[in-house]
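Pasting a structure below so you can have a look.
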Amino acid sequence: MILTITLLCSLAFFHFFGKAVKKKPAVLYGICILLSLVSIFYPREGGLPFLDFFFKKIMQRGILAGSLFILVMLAPVLPKSFSGRKTIYLLRGEMAICASLITLAHNLAFGGKYFGALFLGQGHISLMELHAAIVSCLMILLLIPLTITSFQTVRRKMQAKTWKRLQNWSYLFYLLLYLHIFFIYQGALIRGKGEYFFTLMLYSFIFGFYGFLRIRQYRVQKETREKKAVPLLRIGGILPIVCLFLSVFYSAGKYRAALEANVDKIRAQETVAESKESADNAAENKGSVESIGNGEEKSDSALEASGDKASVNSSEGYSDVEAADGNNASDMYKDGEYLGKASAYNGNVEVKVTISGGKMTAIDIVKTKDDEDYFFDAQKKVIPEILEKQSTDVDAVAGATTSSEGIAHAVEKALEQAKQ
């Protein structure tokens, strides 16, 4: 839906302001640079709804840049009878430059995590995200010369054949663009974001339609230089069909189930280690506890509660701390700030829990490596529910189950430190 709206709005903008853009393209480039800078430094939270939608969903995620590249891609192959063909054909150079400038912002605002993991080994990314990052690097290498030679001043200084030969690399760029989109959305499907399936199908249809039009154009023109491009064009037409099949096959959840099983295993190991540590600490303190009248009974109770809690965590991933100990939260926790850490989707999530009056009053995310989009979906729903119920026994967010459980489990770890 967002892609369709962005495509239509972009087409309408260049239709109504095309002549002005052609006369003074530098003004539009300046606007794109300004929007890109705002996009890079735009705050994660606290903005106006419209601005949040534009900068987070359209700019940072590359939807606007992708829409402009699609228009540039389709311009030479659309039938002459198409009413908007002339507009985008005459302005395709300006569109390409704008798309390139916005792509830079997309890579800085949204790709930092993935490039950091790819080149510096910082954090963890999934296999699909790794593929998308590699393809993105290849796209940037192609985009630099293609963008520079799209400026009219540069183009006029080049020989026509040289310029044409260089611009033929745009076919490979479009192919890589589709692969990048496929890997990103396929990764989302694997994580359970089923709503992205139709968006991926729309991209597949657009790029498949382009491949069909390119082959059709070749057959009509029958020029020798076009023959050299036939194998690549055929791949461009067949690839979306293959990817459509892969999308349906992989989105069934095979990899997602394996991932969640691995996370459960890690959490079970953490729980066993914690139980052992609790038992050791209780044994060390047994002598001093025995000096109190009912100390032995309390120690046995602590060990028993620890064992019960471990069994609950092992079977369910995270549990209600109140249920484990059978006490009211206000009687269990002492005031202060406590840190807790647990496994999430892309690594550990760390939280800070503030206790005031024996109750949780604030939960802050200190550190996470999860994908921002899914993690914030989980954060916005899970944290308010935990504070409201004063319990970690809350429902996970659909599509962000592992992140939701990670937040709740990390809060539970912090609460263990706050026990009186």
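Residues: numbered from 1 along the sequence shown.
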Worksheet item: Judged by atom type as modelled, is there a donor-acceptor pair below 3.5 Å linking the side chain of Gln417 to the main-chain atoms of Gly340?
Response: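 No, Gln417 side chain to Gly340 backbone: no donor-acceptor pair under 3.5 Å.
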
Fill in: Backbone of Leu200 reached by a side-chain donor or acceptor of Ser204 within 3.5 Å
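Side chain of Ser204 to backbone of Leu200, a donor-acceptor pair under 3.5 Å: yes, one is there.
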
Worksheet entry | Near-ring test Phe173/Phe69, centroid separation under 6.0 angstrom |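 Yes: the rings meet the under 6.0 Å criterion.
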
Worksheet entry | Phe197 and Met201: CA distance, side-chain angles, deciding distance, side-chain contact (heavy atoms from CB on, under 4.5 Å) verdict | CA-CA 6 Å; Phe197 177 79; Met201 296 306 101; 3.7 Å; yes

Worksheet item: At their closest point, which heavy atom of Met360 faces which heavy atom of Val353, and how far apart are they?
Response: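 The pair with the smallest heavy-atom distance is CG-CG1, 3.7 Å.
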
Worksheet item: Would a 4.5 Å heavy-atom cut-off, applied to side chains only, mark Tyr171 and Tyr210 as touching?
Response: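 Result yes, sub-4.5 Å side-chain heavy-atom pair found.
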
Fill in: Tyr333 vs Leu415 side-chain heavy atoms within contact, under 4.5 Å
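Counting from C-beta outward, Tyr333 and Leu415 do come under 4.5 Å.
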
Worksheet item: Is there a side-chain contact between His409 and Thr392 (heavy atoms, below 4.5 Å)?
Response: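 No - every pair of side-chain heavy atoms lies 4.5 Å or more apart.
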
Worksheet item: Heavy atoms, side chains only, cut-off 4.5 Å: are Trp169 and Leu141 in contact?
Response: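 Result no, sub-4.5 Å side-chain heavy-atom pair not found.
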
Discussion item. In terms of relative ring orientation, are Tyr185 and Tyr203 parallel, tilted or perpendicular, with 30° and 60° separating the classes?
Written reply: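 Tilted.
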
Worksheet item: Which distance, rounded to the nearest 0.5 Å, do you find between the CE of Met59 and the CZ of Phe54?
Response: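 Spacing of CE (Met59) from CZ (Phe54) equals 5.0 Å.
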
Fill in: From Leu3 atom CG to Ile58 atom CD1, the distance as rounded to the nearest 0.5 Å
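Leu3 CG to Ile58 CD1: 9.5 Å, rounded to 0.5 Å.
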
Practice prompt. Under the side-chain contact (heavy atoms from CB on, under 4.5 Å) rule, what do Tyr42 and Asp52 come out as? Steps first, then yes or no, please.
Written response: CA-CA 9 Å; Tyr42 191 78; Asp52 281 350; 2.7 Å; yes

Worksheet item: Distance from Leu202 atom CG to Ile2 atom CD1, nearest 0.5 Å?
Response: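 Leu202 atom CG to Ile2 atom CD1 measures 12.0 Å (nearest 0.5 Å).
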
Fill in: Pro25 versus Glu94, closest heavy-atom pair with distance
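Closest approach of Pro25 to Glu94, heavy atoms only: CB-CG, 4.0 Å.
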
Fill in: Exercise: identify the closest heavy-atom pair between Leu166 and Pro145
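Distance-wise, the nearest heavy atoms are CD2-O, 4.1 Å.
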
Practice prompt. Indicate the atoms forming the closest heavy-atom contact of Ile407 with Val349, along with that distance.
Written response: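 Taking every non-hydrogen atom into account, N-CG1, 4.1 Å.
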
Worksheet item: Say you draw a straight line from CZ of Arg61 to OG1 of Thr6; how long is it, rounded to the nearest 0.5 Å?
Response: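 The CZ atom of Arg61 sits 13.0 Å away from the OG1 atom of Thr6.
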
Worksheet entry | Candidate pair Ser356 and Thr361, rule side chain to side chain donor-acceptor pair (under 3.5 Å), full reasoning | CA-CA 6 Å; Ser356 179; Thr361 57; 5.1 Å; no

Worksheet item: Is any side-chain heavy atom of Lys22 closer than 4.5 Å to a side-chain heavy atom of Leu91?
Response: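 Yes, close enough: below the 4.5 Å cut-off.
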
Practice prompt. Taking the six-membered ring for Trp and the single ring otherwise, decide whether the centroids of Phe182 and Phe207 are under 6.0 Å apart.
Written response: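 Judged by ring-centre distance (under 6.0 Å), Phe182 and Phe207 do not meet the cut-off.
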
Discussion item. So if I apply the side chain to side chain contact (heavy atoms under 4.5 Å, CB included) rule between Ile144 and each of Thr147, Ile140, Leu146, which one comes out positive?
Written reply: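 Exactly one pass, corresponding to Ile140.
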
Practice prompt. Give the intermediate values and the outcome of side-chain contact (heavy atoms from CB on, under 4.5 Å) for residues Phe55 and Val38.
Written response: CA-CA 8 Å; Phe55 285 108; Val38 174; 3.4 Å; yes

Worksheet item: What closest approach, in Å, do Thr162 and Met158 show between heavy atoms, and which atom pair accounts for it?
Response: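 Minimum heavy-atom contact is CG2-CE, 3.9 Å.
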
Fill in: Side chains of Arg92 and Ser150 in contact at under 4.5 Å (non-hydrogen atoms)
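No, every pair of side-chain atoms sits at 4.5 Å or beyond.
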
Discussion item. Given 3.5 Å as the limit, does a donor-acceptor pair link the side chain of Lys413 with the main chain of Lys341, or not?
Written reply: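 Side chain of Lys413 to backbone of Lys341, a donor-acceptor pair under 3.5 Å: yes, one is there.
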
Fill in: Min side-chain heavy-atom separation Tyr174-Ser170 under 4.5 Å
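Side-chain contact under 4.5 Å: yes.
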
Worksheet item: Under 6.0 Å from the NZ atom of Lys86, do we count more than 12 heavy atoms belonging to anything else shown?
Response: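 Counting other residues, nucleotides and ligands, NZ of Lys86 stays at 12 neighbours or fewer.
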
Discussion item. Tell me the closest heavy-atom pair linking Thr103 and Leu143, and the distance in Å.
Written reply: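 The pair with the smallest heavy-atom distance is CG2-CD2, 4.1 Å.
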
Worksheet item: Under the side-chain contact (heavy atoms from CB on, under 4.5 Å) criterion, do Leu35 and Leu64 qualify, and how do the steps go?
Response: CA-CA 11 Å; Leu35 291 175; Leu64 180 56; 5.8 Å; no

Worksheet item: Would you say Ser36 and Leu104 make side-chain contact, with heavy atoms under 4.5 Å?
Response: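 A side-chain contact is absent here, since even the closest heavy-atom pair is not under 4.5 Å.
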
Worksheet item: What's the spacing between Gln167 CD and Arg155 CZ if we round to 0.5 Å?
Response: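 Reported to 0.5 Å precision, the distance equals 7.5 Å.
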
Practice prompt. Check whether more than 12 heavy atoms from other residues, nucleotides or ligands sit under 6.0 Å from atom CZ of Phe13, and answer yes or no.
Written response: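 Yes - once you tally the heavy atoms of other residues, nucleotides and ligands closer than 6.0 Å, there are more than 12.
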
Worksheet item: How long is the gap from CG on Leu78 to OH on Tyr89, to the nearest 0.5 Å?
Response: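 Rounded to the nearest 0.5 Å, the CG-OH separation comes to 11.5 Å.
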
